[in-house]
Amino acid sequence: MAELIKIRLPDDSIREIKAGSSIAEIASMIGPGLGRAVVAGKVNGEIVDQRYALAEACDVVIITKRDFEALDVLRHSAAHLMAMAVQRLRPGVKLAFGPSVEDGFYYDFDLEEVFREDDFAAIEEEMMRIVRADLPFERYEATRDEARDILSGMGEVLKVQHLEDIPGDSVSFYRIGDFQDLCEGPHVKSSGEIKAFKLLKTSSAYWKGDASNPVLNRVYGTAFFDKKDLKKHLTLLAERKKRDHRRLGAELDLFSFQPEAPGMVFWHAKGALLYQDLLDYFRAGHEERGYQIVRTPIVMSEELWKRSGHYDHYKDSMFFVDTDEGRWALKPMNCPGHNLIYRSGVRSYRDLPLRLTEPGQVHRNEMSGVVSGLTRVRSFAIDDAHIYCTPGQLCDEIVGVMDFVLKTYRDFAFPEYEVELSTRPLTGSIGSDEMWENATDALKEALERRGGEYRINPGDGAFYGPKIDFHLKDSLNRRWQCGTIQVDFAMPERFDLEYVGADGDRHRPVMVHRAVFGSLERFIAVLLEHHAGKLPVWLSPVQVVVMNITDAQAEAAGSVKEQLVSAGLRCRLDVRNEKIGKKIREATLEKIPYMLVLGDREVEDGTVSVRERTDGDLGSSSVAEFTARVTQEISERR
RNA sequence: GCUAGCGUAGCUCAACGGUAGAGCACGGGUUUUGUAAACCCGAGGUUGUGGGUUCGAUUCCCACCGCUAGCUCCA
């Protein structure tokens with residue numbers, strides 16, 4: 001008779017089971033429904049196969065299709081499935097890595113002729129064949145030497161290489177039919193569980209992510225437990241594509257890109273208006289919070305960048321200008337310029353905190369392959385500010401910035417966001433250990449004081465200091481890094497920044513770099529996609545179109561337009577010789593919030609017929625009523 | 001920068017080794033119209049750029065430029 005062991009379930013209940021029972025057996029024991037839904041398990045926090053046999057007392061969590069970990073398991077298994085199919089179709093293809101990732105999975109292959117999207121159908125078909133065969137995923141362990149022999153025997157040279165990086169004496173393999181792969185797992189029970197999958201794109205990838213290593217061919221796919229979920233995901237992808245800000249930018253005549261300046265934006269009139277709205281918001285918000293708005297040159301001496309440390313770290317992505325007076329650089333950041341302003345006079349502790357800000361145009365010579373729409377450009381404005389303060393003021397300042405950032409997200413209708421604390425990079429950072437520790441502690445303290453959750457992102461800080469990043473979540477379930485707060489003890493040192501304290505001595509201020517929108521360009525991209533181009537009224541380049549039914553009302557329409565313009569609304573007149581249906585259609589496609597229709601009836605009654613872009617006909621009202629309604633919405637930033 | 005793909009009218013797309021065609025948009029006219037597309041006519045292209053192959057290239061090949069996806073990068 002087998003020995004009994006005690007396991008603890010998530011509800012803190014304790015159960016006695018026979019030693020050697022598997023996760024699947026325990027699930028069935030708890031309930032038949034759970035037995036059917038089990039995908040994997042978690043033993044003492046570590047995720048394992050449902051076949052995993054428990055040897056001793058432990059904490060057990062049953063993972064079912066509903067848990068997000070289950071999707072990871074499924075997708076990881078789908079990656080194996082794809083690798084197996086690929087090796088059937090193209091014997092000799094070498095395997096690299098095949099993990100699950102957010103939204104799907106990939107596998108990196110080393111092969112002569114790379115896969116293209118045309119090849120997907122054949123691979124998917126082969127995968128389906130394996131799914132129908134319902135082959136079990138079998139795990140077995142091997143010693144390091146055995147593993148080396150097995151992998152060399154299969155010709156998996158990359159796996160043999162990888163074996164060297166795996167710690168421990170024994171490694172695990174997973175076998176599906178005649179296919180096997182070095183892998184930690186866990187996996188689903190059998191290939192039959194992988195019913196809903198699709199291959200999505202190909203890409204290149206460096207072996208182990210290192211650009212000096214050989215290039216591999218990566219195939220991306222996604223998988224779900226349910227065909228319905230897969231379909232939903234594919235619909236979301238289609239929606240993202242439909243809402244692409246580049247498409248919206250062209251359709252709404254906001255901006256364009258030209259080969260004459262790759263990666264730099266040409267703002268058309270309507271886009272420039274939206275841009276100006278952000279600048280207005282920038283100005284009002286900063287004035288309210290005691291910032292001083294400054295302006296610094298775009299081109300400054302190369303020497304300045306050497307002093308700031310940017311040159312060493314980022315010269316490859318800086319633009320330079322050579323003249324007979326030497327070499328100049330286009331600023332990639334605003335901070336050195338602000339430091340020079342700080343140093344332009346003697347600062348007293350009474351001046352601190354000194355908050356300098358500027359929506360400065362910066363230039364970064366990004367590699368050609370990375371520029372993309374408004375989200376990654378070579379010239380953009382950061383709503384950059386630098387706060388110079390005493391160490392004692394640091395925490396208050398950080399909390400103040402956090403409030404500012406979160407208020408801004410609310411104003412722009414982003415209800416969801418995530419906060420991340422990034423610590424010192426392993427390599428290439430400047431400053432002493434003590435400085436880093438102090439800076440990181442200040443950020444942590446501020447986060448604690450303000451409350452709310454945050455995640456720690458080890459090693460992802462800037463080269464001069466740790467930072468808090470704000471990622472806002474858009475309506476298509478994507479995260480965008482916008483706001484950032486970075487503590488910097490290094491730059492004041494390099495620029496020899498000082499203030500005179502109450503004691504009459506000179507002291508070193510602390511510097512905080514921060515941005516709220518981040519890049520205005522990127523923020524506009526996020527805004528457009530988030531709202532699917534239907535910008536809130538206060539941000540709409542055209543807020544109202546006044547249209548007539550026939551020429552008879554043209555004059556009245558013109559006068560209504562004039563009234564709206566004097567009330568401060570952005571208004572356009574459409575008295576073209578077109579049918580009203582067409583005018584409405586065009587204004588709707590342009591996503592203009594309000595349309596006012598004037599026919600004989602309205603002219604006679606002295607009213608306008610109001611139509612909203614989504615809600616349709618709202619009936620008639622007086623011009624004054626309508627104006628009040630819209631100005632109210634604008635003042636509430638709706 | 002790397003891998004792959006793409007580049008035909010303002011836009012969306014068609015055709016093709018024998019010097020390009022549609023819809024929308026644009027211009028002119030007719031129509032005076034009631035809540036998402038009236039009708040007629042017209043104009044618009046050295047098919048991204050430069051080379052090569054060919055009797056002939058927009059089509060095939062090469063290079064460059066730009067774009068797209070991903071990799072790497074993102075102060």
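Labels below follow one simple rule: chain letters A, B, ... track the order of the sequence lines, proteins then strands, and each chain is numbered from 1. Hydrogens, waters and symmetry mates are skipped; everything else that's a heavy atom, side chains included, is used.
Evaluation of the side-chain hydrogen bond (donor to acceptor under 3.5 Å, both in side chains) rule for Tyr342(A) yields no partner, not counting sequence neighbours. A search for salt bridge (charged side-chain N to carboxylate O under 4.0 Å, His left out) contacts involving Asp210(A) returns nothing, not counting sequence neighbours. Applying the side-chain hydrogen bond (donor to acceptor under 3.5 Å, both in side chains) criterion to Glu102(A), with sequence neighbours excluded, gives Arg479(A). Considering only residues two or more places apart in sequence or on other chains, Lys306(A) meets the salt bridge (charged side-chain N to carboxylate O under 4.0 Å, His left out) condition with Glu302(A). For Arg576(A), the salt bridge (charged side-chain N to carboxylate O under 4.0 Å, His left out) criterion is met by Asp574(A), Glu586(A), not counting sequence neighbours. Every side-chain hydrogen bond (donor to acceptor under 3.5 Å, both in side chains) that Glu239(A) has, sequence neighbours left out, goes to Lys242(A), Arg243(A).
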Exercise for review: Starting at the 5' end of nucleotides 68-75 of chain B, put B wherever the base has a protein heavy atom under 4.0 Å, S where only the sugar-phosphate does, and a dash everywhere else.
Suggested key: SSBBBBBB
Exercise for review: For each nucleotide in nucleotides 41-50 of chain B, reading 5' to 3', give B when a protein heavy atom comes within less than 4.0 Å of its base, S when such contact involves only the sugar-phosphate, and - otherwise.
Suggested key: ----------
Point to revise | Secondary-structure notation, RNA chain B, from Watson-Crick and G-U pairs under 3.5 angstrom (| other strand) | key: (((((((..((((....[..)))).(((((.......))))).....(((((..]....))))))))))))....
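Within the nucleic acid shown, Gln258(A) has no heavy atom closer than 4.0 Å to any nucleic acid atom. Counting any heavy atom pair closer than 4.0 Å across all strands shown, Lys582(A) reaches sugar-phosphate atoms only and no base atom.
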Let me have the donor-acceptor pairs involving side chains of residues 368-377 of chain A, under 3.5 Å, with sequence neighbours excluded, atom names and distances please.
residue: Thr375(A); atom: OG1; partner: Ser372(A); partner atom: O; Å: 3.0
residue: Arg376(A); atom: NH2; partner: Glu366(A); partner atom: OE1; Å: 3.0

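Between Gly616(A) and Val215(A), the residue whose closest nucleotide on RNA chain B is further toward the 5' end is Val215(A).
Contacts between residues 586-605 of chain A and RNA chain B, defined by a heavy-atom separation below 4.0 Å, involve Thr588(A), Leu589(A), Val597(A), Gly599(A), Asp600(A), Arg601(A), Glu602(A), listed by number.
Applying the salt bridge (Lys or Arg N to Asp or Glu O under 4.0 Å) rule to pairs touching residues 601-613 of chain A yields nothing, sequence neighbours excluded.
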